[in-house]
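Every heavy atom of this structure was used, including side-chain atoms; hydrogens, water molecules and symmetry mates were not. Given the structure is predicted, the values throughout are model-derived calculations rather than measurements.
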Amino acid sequence: MTDGGSTRARYRRILRFAARYMLQAWWFELFLPRIGLGSFAARGRARRLQRLARNFHTLAVALGGLMIKVGQFMSSRLDVLPPVITKELEGLQDEVPPVDFEAIRALAESELQAPLSTVFEEVEPIPLAAASLGQAHRARLVAAEATHAGFTDVVVKVQRPGIDQIVDVDLAALRRVAAWLSRVRVVREHVDLPALLDEFAVTSLEEIDYLHEAANAERFREDFADDTRVATPLVAWERSTRRVLTLEDVTAIKINDRDALREAGIDPGEVAHEFAAVMFEQLFTNGYFHADPHPGNVFVTPTPDGPRPWTLTFIDFGMMGEVPDRLRRGLQQVIIAVASRNGRHLVESIRDVGVLLPSADTVELERAMTTLFARFGGMGFAELQEVDPREFRDFAMEFRDLVRRMPFQLPENFLLVIRAVSLTSGVCSALDPAFNIWEAVEPYAQRLIRDERGNLAQAFASEAASVAGLVARMPRRVDDVLTRLEDGRLAVESPRLDARVRGLETLARRVVSAVLFAGLLIAGAVLRPDDPVAGTALMFASVPALLHALLAGVLARRLP
């Protein structure tokens, strides 16, 4: 457990670190430029930022707790931090020493309300993994427990003693720092720090609630219950609490161990493509996905007696993401915009998703996206691979600088989506150097485009049917009007009524023809890429309607 003195010291150490570098930033980035020394301040900016990142790395390793999570979290926030910092923080891992096993034993027995010897036949004192929030030990359930659970070998995750207090202290310190930074106008206009911290706090608190993780594991398992490609560990619920989680031991070949995969007769390239397909299934179909699929959390399990020779086994469900309907529709529009190479549509889509703050001026971003699509949009994937990498780098540099200048940030769920896709791409590239993430996502993009076209065509078909019904009923209605006129059942107050009726009839027919023309032409254009024959036929069928809409008025005036 942590005492009051150590928590206060921890709190003050975090604040001192933040205050020191905030003062340095004020001096170099605000004060010196105001007195004409901006060029002097700019010369050492990269070196100062790199030193800041390195010192934070040292602080995070020394303190553990949420500080390591802060570094890992911020390393993915290219919308907030410059690359010189994110690059330095990319290597920040859970570099903390393990907790003494006796302290782990005491906490586990307190949570399970029983001596470990009555629950487990054996618990390995050397941890399988040690992290800043907890550590994992291999164990074997006693016979009675194993019979009830349906498995014997387990992994027991136990929180670090006192981690609740540490998390509370760290969050309190981070909220104080965020309040300081929010008073700076340039920060306030570019980053919504309170929302960013709330996002981090929710993720962190969920990660130290092992019952929440157990429920995530069950939900993930249900999503893939009928999918032989995916396996997950079972939960020993009777031996799991908020601070102790007991799971079936499903350790197998780490997904990025190419040599072990080959020894098992498994093609790493096939694993890469299957893994990408499974991840995109989670993102675009299930809407519930594993947000931390790094190599330590995914195994390849040989199953020679199963329906498939191997399965992908996921573990560690502390960080999961959901794609709400609104976000999913927004992501679909983003993918459609990219696939159709529409810069304006892309910018509108990312604004709808919530990536751009309301104050964003998107003119420059639209121009950049349009230029990017104009240069590379017409190329296939094979052609893109032949482009000079320096040209891609130039575009990436321009885009990165533009993003940093804009009030741009990633919503919580969208951040997790990007994290999942990024980790997926990294794992797949390690398995197969020729792997291309865009080739893996292309089938989903094409399916979304087809669905979009189908919905659009359906809407036009419905409109065309409505107009056709109106056209079919119009002669009968006109005949009814003329019959009433002949029978004297229609009051006539003007000698020019007949001419006006004919004019209205002509106008109605021209409007109907114009609607038919637009519906047939657009429906043909939408369907033509997928069905050239039907699409071309619809477009030709629109010509008579166009001629009638244009010429009917002229002919009506010339004919008696």
Ring pair (Phe, Tyr, Trp, His ring centres under 6.0 Å) against [X], all qualifying residues, sequence neighbours excluded:
X: F314; result: F220, H290
X: W180; result: none
X: Y21; result: F17
X: H294; result: none

**OP:** Could you note down all residue pairs passing side-chain hydrogen bond (donor to acceptor under 3.5 Å, both in side chains) where residues 99-110 supplies at least one of them, sequence neighbours left out?
**Re:**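 Sorted result for residues 99-110: empty, none.
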
Non-hydrogen side-chain atoms of [X] and [Y] separated by less than 4.5 Å:
X: E322; Y: F289; result: no
X: I208; Y: D164; result: yes
X: V300; Y: T313; result: no
X: D223; Y: Q282; result: no
X: P293; Y: V427; result: no
X: L431; Y: R258; result: yes
X: E248; Y: V154; result: no
X: W27; Y: L32; result: yes

**OP:** Can you tell me which residue pairs pass the salt bridge (Lys or Arg N to Asp or Glu O under 4.0 Å) test with a partner in residues 24-47, sequence neighbours excluded?
**Re:**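 Of all non-adjacent pairs touching residues 24-47, those that pass salt bridge (Lys or Arg N to Asp or Glu O under 4.0 Å) are E29-R45, E29-R48.
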
Subject >> Sequence neighbours excluded - salt bridge (Lys or Arg N to Asp or Glu O under 4.0 Å) pairs with any residue from residues 127-138 >> reply: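 For residues 127-138: R138-D249.
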
Nearest 0.5 Å, please: how far is [atom2] in [Y] from [atom1] in [X]?
X: D170; Y: S204; atom1: CG; atom2: OG; value: 9.0 Å
X: R54; Y: L52; atom1: CZ; atom2: CG; value: 11.5 Å
X: L171; Y: L197; atom1: CG; atom2: CG; value: 6.5 Å
X: S182; Y: R175; atom1: OG; atom2: CZ; value: 12.5 Å
X: L133; Y: I163; atom1: CG; atom2: CD1; value: 5.0 Å
X: I166; Y: T7; atom1: CD1; atom2: OG1; value: 9.5 Å

Subject >> F224 six-ring centre to R229 NZ/CZ under 6.0 Å and within 45° of normal >> reply: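 No, a cation-pi geometry is absent between R229 and F224.
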
Set of salt bridge (Lys or Arg N to Asp or Glu O under 4.0 Å) partners for [X], sequence neighbours left out:
X: R221; result: none
X: E207; result: K69
X: R16; result: none
X: D292; result: R419

**OP:** Determine whether more than 12 heavy atoms belonging to other residues, nucleotides or ligands lie under 6.0 Å from atom CD1 of I126.
**Re:**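 12 or below, so no.
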
Original post:
What residues form a side-chain hydrogen bond (donor to acceptor under 3.5 Å, both in side chains) with S425, not counting sequence neighbours?
Top reply: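 If we apply the side-chain hydrogen bond (donor to acceptor under 3.5 Å, both in side chains) test to S425, skipping adjacent residues, there are no hits.
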
Original post:
With E213, which of E206, K157, R242 fulfils side chain to side chain contact (heavy atoms under 4.5 Å, CB included)?
Top reply: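 Running side chain to side chain contact (heavy atoms under 4.5 Å, CB included) over E206, K157, R242 with E213 returns exactly one hit, K157.
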
Provide the closest heavy-atom pair for [X] versus [Y] in the form atom of the first, atom of the second, distance.
X: A108; Y: V158; value: CB-CG2, 4.4 Å
X: P98; Y: Q135; value: CA-OE1, 3.5 Å
X: A291; Y: L423; value: O-CD1, 4.2 Å
X: I68; Y: A60; value: CG1-O, 3.5 Å
X: G65; Y: S132; value: O-OG, 3.3 Å

Subject >> R176 (side chain) donor-acceptor with L15 (main chain) under 3.5 angstrom >> reply: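 No, R176 side chain to L15 backbone: no donor-acceptor pair under 3.5 Å.
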
**OP:** Just do the side-chain contact (heavy atoms from CB on, under 4.5 Å) check on Y210 and T241 with the steps written out, would you?
**Re:** CA-CA 7 Å; Y210 287 165; T241 70; over 6 Å; no

Original post:
Taking the six-membered ring for Trp, are F317 and H212 ring centroids under 6.0 Å apart?
Top reply: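 No: the rings miss the under 6.0 Å criterion.
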
Subject >> Lys/Arg N to Asp/Glu carboxylate O, D209 vs R243, below 4.0 Å >> reply: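 Not counted as a salt bridge, because no side-chain N and carboxylate O are separated by less than 4.0 Å.
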
